[in-house]
Structures are given as structure tokens and as C-alpha cells.
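For this chain, numbers begin at 1 and follow the sequence in order. Only heavy atoms go into these numbers, but all of them, side chains included; no hydrogens, no water, no symmetry mates. Just so it is clear, the structure is predicted and the values come from calculations on it, not from any experiment.
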Amino acid sequence: MRKFLILLTILLISCTNAFAAKIPVEVRNYIQEKVPQADIRFDGVIIFPDNTIYLPLYPSLFSDVKSLKIKESFPAHQELKQKPDVVIFNNDFVLLKVLSDGEGHRTVLHMSNPPLQVRTGLLPQDMLVPSGLIVPENIKGIIGNLKIDTKNEDMIRVENDESYESFLADAEPDFQQGLISQLKNKILFVTTNYSKNIQVVEPARAVPSYALAQKSIPVDVKAVNNGKFLLVTTYDRPFIDIISVADSRFIKQINLPSNPEEILLDEANHIAYVTSPSASTIFVIDLNAMTLSKKIRINGYCEKLLLKEDKLFYVDKLKNEVWAIELKNEFELKDIGKFPNVSAIAFNNNKIYLSSRTKSRIAIVDYETLGLVNEFTTVNKPISMLQYENVLYILGAQNNEIQRINLENDSVSGKIELETGGFSSGLKLIENTSMATVVDVKNNHYSIIDLAKGKLLKTYKLNIPVKSVVITDKVTLFN
């Protein structure tokens, strides 16, 4: 087996986009100390646990201070946890609380004689503005070139009765299916091969509640920031679209040099890896700033990303060759070798697990020596693998079953029968849970698997064609 090392060229991308508003470190630390659960969003907006919203005003020149503290507040003499309407720090950074004007509009405190720091401050110029925000005339200067949307012009929500999608008209009437406790306060985002739009479905319902309009059929959808935003790649478009889930708004586009496809999240390090097979490139996205931070040049037409420990694995689709990128070893490429029709990769205890869809076999390869450790027959047409603790779950598409492999001794420890009668097409972890979804592309089912207990919880019917399902917590913004 060939062993081939290539040093990758990593190109740092200069990020000058004002959307990625960087809250000063000292301000961020102060907020997190005083209100530990506050969400400091990538565009600079600060959201308290009770949905109190603060808009940041950046001074033209920061005052040099030894220790940050509140210089002035309105009402006077209030601490941050008391949620004053205006906070002015001694470095001239300002926080403006979003208020209601009593007529259904959002605004900020109207002051007859605003302090200099308020009059001369500036909002982040690509901030996601609370819809319908009205800024008092005497501080209009804080807007700069920022677009203030008062008519929900950027909303992408499509109601079912306004939809042109033929499969909804042919769908059977909606019906309630028993809701398991694990899906309470969850929401589903479903893609199909028949529509550009992302369907939004309540758990245990068969028909979408509404859809999120897209410009092209999605390739991949991932939820980030506890389900508050969706990252979307679409066919034949060199962009990653960012959607605000709670108010169904398109809020940003990350421009890329070539068309992106698969998205792999590393939320522990606040980054996402995004493949561009046609350009033999993997993009690295900074999830804090929502900007492109690096380009990694690789070999081949990359797909089936797996991040494990300090290694990023992928398959070259054109050559059936498996590669590893050693992220902490100067981004060296390691050629694992050629294998027939690799459908999924897993990695545990320095061993690589490779499933062959056509051979219905698993090959186990030693990462250091690249020698074959073991090979065994698995479920028919293995399409996905997912590791949870010391168990490897292998989804067989043909017979709709999941095989459980004990990774301590690589032995079969059980099987989960899905009994959907169709063709299973994907096994994916529900982020921040011990559950996974299995999608049936033929019979339009999705099943919920308890990975900790190794059992099927429930299977749900959808009245729409299913390509993929993303399940997240329900979220609210700007309430």
C-alpha cells in the first residue's frame, strides 16, 4: 500500500467584512462575568437569557482604560444585570437596549440630549437588525450604511397555501403521530430532491408547517449556535447561505472561490469544514465570525468527511482513495490506500473502519502501519456509520437495519430492525443529544434511534419526499 505525504498549502484569508463585528475582549469578558448566560452573537448583538437584546455602538476611537467599568447608565447607577436602557463604558463602547414603542415597533431609548458616545457611535454595518427597528431621529447617525428592514423584505418564509410545490398538493391530509418525549420542543428541517425549499416540520406531524425559500436545491444543511442558524450549501452556487431560524430570514452569504458541498461541524473549536470537490479544496469557516478563514488544498474529489481527534478523513470519489489530513502535523496528507466504493469512514483507537457499499464488508486498517487488521461481512449495502462511545452503528440500506459493533473487540453486539420497508439513506447524530436520525428515501420515513441504549425509539411518516432531516431545539429571537 502506497504511503504518500504531501505538505498542504494553507492560504489565510483576509477578513475585512464588517458583519463579523468583534466585540472588544474586555467588553466580552465583562458581559460574560456579569451575565454568564448572555449570547454574544457573531454580528455583535448581545442577547440575555430572557431575550433582552442589546445593540452595540462602536466608538470612532476607544479610550485607553486600565480596567473596564460602566461610566454611565440610563436609568442612572444601574448594573448590567439590572438591564438598563443604555450602558456607556469608560472606554466609550455603548450598549443600547431594544425596547418596544407600544405600537408593535422596536426602538431604542429616546433621549432629548443623547450623550456624545451615543451620538457619535456606529452600529455594526452588517448587523442582523431586529425587524421593524425604528431609530430616534436625533441619533440617526448611528445607522451609517446599515440597512434597517421595516417590512420584513428579507424574510424567506413560504406558507403552504402560497407554495407552488406540487408534492404538497398530492400529500395525504396531515395527521398527528404520537410525540416521544425526546422530540418535545424540537423542530425539523427537511430537504427533498424535488424542491429548492427547506421544509419546516413539527415533530409528529406529516406535512410541513411552512418552507424556507432557497435559490437552488440544497446540497447540505447544518444547524449551528444551538439551532439558531442554518448553514446551507446549494447546487452550482459558490456561497454558503446563513439563515436565522427564529424569524425565517436570510442574513448573510459567505462568498467562496468555488462551489461548496458537504459541511462538517467542529463546534468545539467553533469552525466548519466545507468541501469543494471540483476545486480539490476544503474551506475552513470561522463560526464565531461567519467568515472564510482558510483554504486547504488537497488531492482528489473529496467527499464523506470525518473529523476524529486531530485528523480529517475523506474519500477521493474519482479514484476510490482514502486520505487523512493531520491537522496538528503541518496539515500533512496521508494516503490510506484504495478501497472499493467506500460509503463511510470511522476511526477509533488508531484504527480506520471503511465500509464498502457494493461488497457489504468492513475493512479495518491500522493507521500507523496501513496494514489490514481485519475484514468482515456486514449489513447489506452499508451506507452510513456512526460511532457513539464504544459502539459503531452501521446502517444497511437494503434491509433497513443497523448493526452494532463493539469497538473494544470489533465484534457484533446486536442489530436494530427499522422495518420501514423502503431504502434507508442516512444515519446522522442529532447534535448535543445521544440520539440519531435514520432517513428512508423511498417510503418517506424518519426514525429516531437511542444510541446510548441501542434501540429504536419511534418511526414517523412524512407526506413529502425526504432527502435529509435536521433536528434542532426550537429557538426564539427578538421576543
Side-chain angles (χ1 to χ4, degrees), residues 13-35 38-48 52-74 78-80 83-99 106-111 113-149 225 228-229 242 244 251-254 270 286-293 477-478:
I13 306 301
S14 175
C15 301
T16 57
N17 192 338
F19 191 95
K22 296 289 187 181
I23 297 292
V25 173
E26 63 274 18
V27 176
R28 176 182 289 272
N29 291 343
Y30 186 95
I31 294 171
Q32 291 178 337
E33 178 187 350
K34 302 298 182 182
V35 187
D39 179 12
I40 302 176
R41 220 170 53 192
F42 63 88
D43 60 348
V45 173
I46 295 100
I47 306 174
F48 283 14
T52 297
I53 301 164
Y54 280 97
L55 309 182
L57 282 185
Y58 291 77
S60 55
L61 182 65
F62 282 92
S63 295
D64 188 17
V65 297
K66 292 183 179 180
S67 177
L68 188 73
K69 62 181 180 180
I70 294 177
K71 178 181 179 180
E72 190 175 8
S73 70
F74 296 83
Q78 285 196 352
E79 297 296 326
L80 191 58
K83 296 174 286 191
D85 297 330
V86 180
V87 175
I88 302 174
F89 293 101
N90 58 344
N91 67 349
D92 295 330
F93 193 85
V94 177
L95 300 179
L96 298 178
K97 185 165 75 172
V98 176
L99 307 170
R106 296 181 174 95
T107 186
V108 295
L109 183 65
H110 176 77
M111 296 177 282
N113 185 25
L116 179 66
Q117 294 91 337
V118 175
R119 286 186 280 114
T120 60
L122 193 67
L123 292 167
Q125 292 301 280
D126 284 309
M127 183 180 71
L128 172 57
V129 181
S131 182
L133 181 71
I134 296 175
V135 177
E137 289 293 333
N138 60 352
I139 58 169
K140 281 278 189 178
I142 69 173
I143 296 174
N145 295 320
L146 178 63
K147 175 188 174 184
I148 298 291
D149 172 29
N225 199 355
K228 292 180 181 177
F229 303 102
I242 303 175
S244 173
I251 61 172
K252 187 184 180 182
Q253 225 171 40
I254 302 176
H270 309 290
D286 181 345
L287 294 179
N288 285 330
M290 293 298 184
T291 55
L292 173 61
S293 62
L477 291 176
F478 306 142

Could you pull out the closest heavy-atom pair between [X] and [Y], with the gap in Å?
{"X": "G121", "Y": "L57", "value": "C-CD2, 4.1 Å"}
{"X": "N90", "Y": "S67", "value": "ND2-O, 3.0 Å"}
{"X": "V118", "Y": "V94", "value": "CG2-CG1, 4.1 Å"}
{"X": "N91", "Y": "F93", "value": "OD1-N, 3.1 Å"}

Within this structure, what is the [atom1]-[atom2] distance for the pair [X] and [Y], rounded to the nearest 0.5 Å?
{"X": "L68", "Y": "E33", "atom1": "CG", "atom2": "CD", "result": "10.0 Å"}
{"X": "K66", "Y": "E26", "atom1": "NZ", "atom2": "CD", "result": "15.5 Å"}
{"X": "F48", "Y": "L80", "atom1": "CZ", "atom2": "CG", "result": "4.0 Å"}
{"X": "L133", "Y": "L123", "atom1": "CG", "atom2": "CG", "result": "8.0 Å"}
{"X": "I23", "Y": "Y30", "atom1": "CD1", "atom2": "OH", "result": "15.0 Å"}
{"X": "I134", "Y": "R106", "atom1": "CD1", "atom2": "CZ", "result": "11.0 Å"}

Set of side-chain contact (heavy atoms from CB on, under 4.5 Å) partners for L116, sequence neighbours left out = R119, T120

key: Listed partners of S73 passing side-chain contact (heavy atoms from CB on, under 4.5 Å), at least two apart   = I70, Q78, P84

K228 with D39: basic N within carboxylate O range, under 4.0 Å = yes

task = Could you pull out all residues at least two apart from N225 that satisfy side chain to side chain donor-acceptor pair (under 3.5 Å)?
result = none

request  = Would you sort out whether M127 and V45 count as a side-chain contact (heavy atoms from CB on, under 4.5 Å), showing the intermediate values?
outcome  = CA-CA 8 Å; M127 183 180 71; V45 173; 3.5 Å; yes

query = T291 and K252: side-chain contact (heavy atoms from CB on, under 4.5 Å), yes or no, with the steps?
reply = CA-CA 10 Å; T291 55; K252 187 184 180 182; 3.5 Å; yes

note = Applied to residues 86-97, the salt bridge (charged side-chain N to carboxylate O under 4.0 Å, His left out) test, sequence neighbours excluded, yields D85-K97

query = In chain order, what residues pass the ring pair (Phe, Tyr, Trp, His ring centres under 6.0 Å) check against F74, with sequence neighbours excluded?
reply = none

Just list the side-chain donor-acceptor pairs under 3.5 Å for residues 135-145, sequence neighbours left out, or say none.
from	atom 1	to	atom 2	distance (Å)
N138	ND2	M111	O	2.6

ask   = Do the side chains of F42 and I251 get nearer than 4.5 Å, heavy atoms only?
value = yes

ask   = Can you find a pair of side-chain heavy atoms, one from P124 and one from D43, that are under 4.5 Å apart?
value = no

ask   = Angle class for the Y58/F62 ring planes (parallel below 30°, perpendicular above 60°, tilted otherwise)?
value = perpendicular

inquiry  = With side-chain contact (heavy atoms from CB on, under 4.5 Å) as the criterion, how do V65 and F89 come out once you've worked through the C-alpha distance, each side chain's angles and the decisive distance to 0.1 Å?
reply    = CA-CA 10 Å; V65 297; F89 293 101; over 6 Å; no

task = In sequence, state the C-alpha distance, the side-chain angles, and the governing distance for L96 and L109, and then conclude on side-chain contact (heavy atoms from CB on, under 4.5 Å).
result = CA-CA 8 Å; L96 298 178; L109 183 65; over 6 Å; no

remark   = Residue set satisfying salt bridge (Lys or Arg N to Asp or Glu O under 4.0 Å) with K83, at least two apart, ordered chain then number -> D50

